[in-house]
Amino acid sequence: MNRRQLLRATTALGATGAITATTTAARASADGPGPTGPLRVHVVMFDGVEELDFAAPYEVFSAAGFFTPRPVEVRYVSATGARSVTGAYGTVVRGIRPWAPDEADVLVVPGGGYARRDSPGVRAEIDRGTLPRALAAAVRPGLTLSALCTGVMLLAAAGLTRGRPCTTHHKARPDLRQQGGLVKNARVVDDGDLVTAGGITSGLELALWLVRRDLGPDAAINLEAMLEYEARGTVWTSSRTG
């Protein structure tokens, strides 16, 4: 266990008070049988991606593994075969994995660069077309497509938000509505296999909501305590989530 993992584990233990094998087993038993395989989360990366957009969900999902008996696997992926990407503020992320949505339970699409037409980011990816086509082709039963901030506009470019409840960064909402999205004024909009969230910091709420939905409320509550962050805003849910 490296220093970062040790710090997280120590914090996790303090957050829950006393997490033991006994209490974990008791909770798993009380919740009844669930998925036996890991929750596999792929965070989509591209040049110009907003740092907080991709880092916040990655942190939340990775740390969630401390609070659930179900394993959680998180990876960064690229639809263009890139092995590294440069974020909006110059952060270089290496070790990007190949595009493999058939190996994912959740895809998370961050935003960034939608307002900068002459720079890398969402606009450039829409114009190139590779990522929107890959997202459209990824749709299958059992896969949740999620996006935050202007990453939702990549889903819109793929035709995945038309006629569906959704949200995005407040400045992009008119464009999302124009492209057929049923825009809701909510922090997170859960329409079953399509889950979207608002502006940059809403990646925390998006990930915490999906943890609650897929791993249970205890995992989400304990995760909030560890992060010293309480999810804010409204989560709009549709009948698809029932």
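- The salt bridge (charged side-chain N to carboxylate O under 4.0 Å, His left out) analysis of residues 226-235, with sequence neighbours excluded, yields no pairs.
- Between the side chain of S62 and the main chain of Y58, a donor-acceptor pair closer than 3.5 Å is present.
- Between the CG atom of L208 and the CG atom of L210 there is a distance of 9.5 Å, given to the nearest 0.5 Å.
- Interatomic distance, L176 CG to T167 OG1, rounded to the nearest 0.5 Å: 7.5 Å.
- P71 places none of its side-chain heavy atoms less than 4.5 Å from the side chain of L39.
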List the steps, then state whether side chain to side chain contact (heavy atoms under 4.5 Å, CB included) holds for L154 with V152. CA-CA 5 Å; L154 285 163; V152 180; over 6 Å; no
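- Within the structure, salt bridge (charged side-chain N to carboxylate O under 4.0 Å, His left out) contacts touching residues 163-172 (residues at least two apart or in different chains) are R164-D191, R164-D193.
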Give every donor-acceptor pair under 3.5 Å between a side-chain atom in residues 112-121 and any protein atom, sequence neighbours left out.
unit_1	atom_1	unit_2	atom_2	d
Y114	OH	D175	OD2	2.7

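- Connectivity analysis of hydrophobic side chains (ILVMFWY, heavy atoms under 4.5 Å, direct or indirect) links L52 to I200.
- One distance of note links NE2 of H170 with CG of N185; it measures 11.5 Å at 0.5 Å rounding.
- Within the structure, every pair that satisfies the side-chain hydrogen bond (donor to acceptor under 3.5 Å, both in side chains) test and touches residues 137-160, not counting sequence neighbours, is listed here: T144-R213.
- Note that CZ of F46 and OG1 of T130 are 13.0 Å apart. Values are rounded to the nearest 0.5 Å.
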Determine, stepwise, if the pair L145 / L160 fulfils side chain to side chain contact (heavy atoms under 4.5 Å, CB included). CA-CA 9 Å; L145 280 166; L160 300 175; 3.6 Å; yes
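- Judged by distance alone, the side chain of E50 and the main-chain N or O of P110 form no donor-acceptor pair under 3.5 Å.
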Which atom pairs, one a donor and one an acceptor, fall under 3.5 Å between side chains of residues 75-85 and the rest of the protein, sequence neighbours left out?
unit_1	atom_1	unit_2	atom_2	d
R75	NE	H42	NE2	3.4
R75	NH1	E103	OE1	3.3
S78	OG	T80	N	3.1
S78	OG	T80	OG1	3.0
S78	OG	A82	N	3.4
R83	NE	I96	O	3.2

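- With R70 contributing its side chain and G37 its backbone, the two residues share a donor-acceptor pair below 3.5 Å.
- For residues 125-134, the pairs satisfying salt bridge (charged side-chain N to carboxylate O under 4.0 Å, His left out) are E125-R128, with sequence neighbours left out.
- A55 meets the side-chain contact (heavy atoms from CB on, under 4.5 Å) test with no other residue; sequence neighbours excluded.
- In terms of modelled atom types and a separation under 3.5 Å, the side chain of D53 and the main chain of G111 share a donor-acceptor contact.
- Cluster partners of V92, using a side-chain heavy-atom cutoff of under 4.5 Å among ILVMFWY residues and allowing indirect links: none.
- Among residue pairs with one or both ends in residues 196-208, those qualifying as side-chain hydrogen bond (donor to acceptor under 3.5 Å, both in side chains) are R187-T201, R187-E205, E205-Y229; sequence neighbours excluded.
- Note that CG of L204 and CD of E224 are 10.0 Å apart. Values are rounded to the nearest 0.5 Å.
- In this structure, V189 shares a hydrophobic cluster with W236, the cluster being traced through Ile, Leu, Val, Met, Phe, Trp and Tyr side chains under 4.5 angstrom apart.
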For V72 and F66: C-alpha separation, side-chain torsions, deciding distance, then whether side chain to side chain contact (heavy atoms under 4.5 Å, CB included) applies. CA-CA 9 Å; V72 182; F66 288 118; over 6 Å; no
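- Partners of A64 according to the side-chain contact (heavy atoms from CB on, under 4.5 Å) rule, which considers only residues two or more places apart in sequence or in another chain, are V211, L215, L223.
- L182 CG to T161 OG1: the interatomic distance, rounded to the nearest 0.5 Å, is 9.0 Å.
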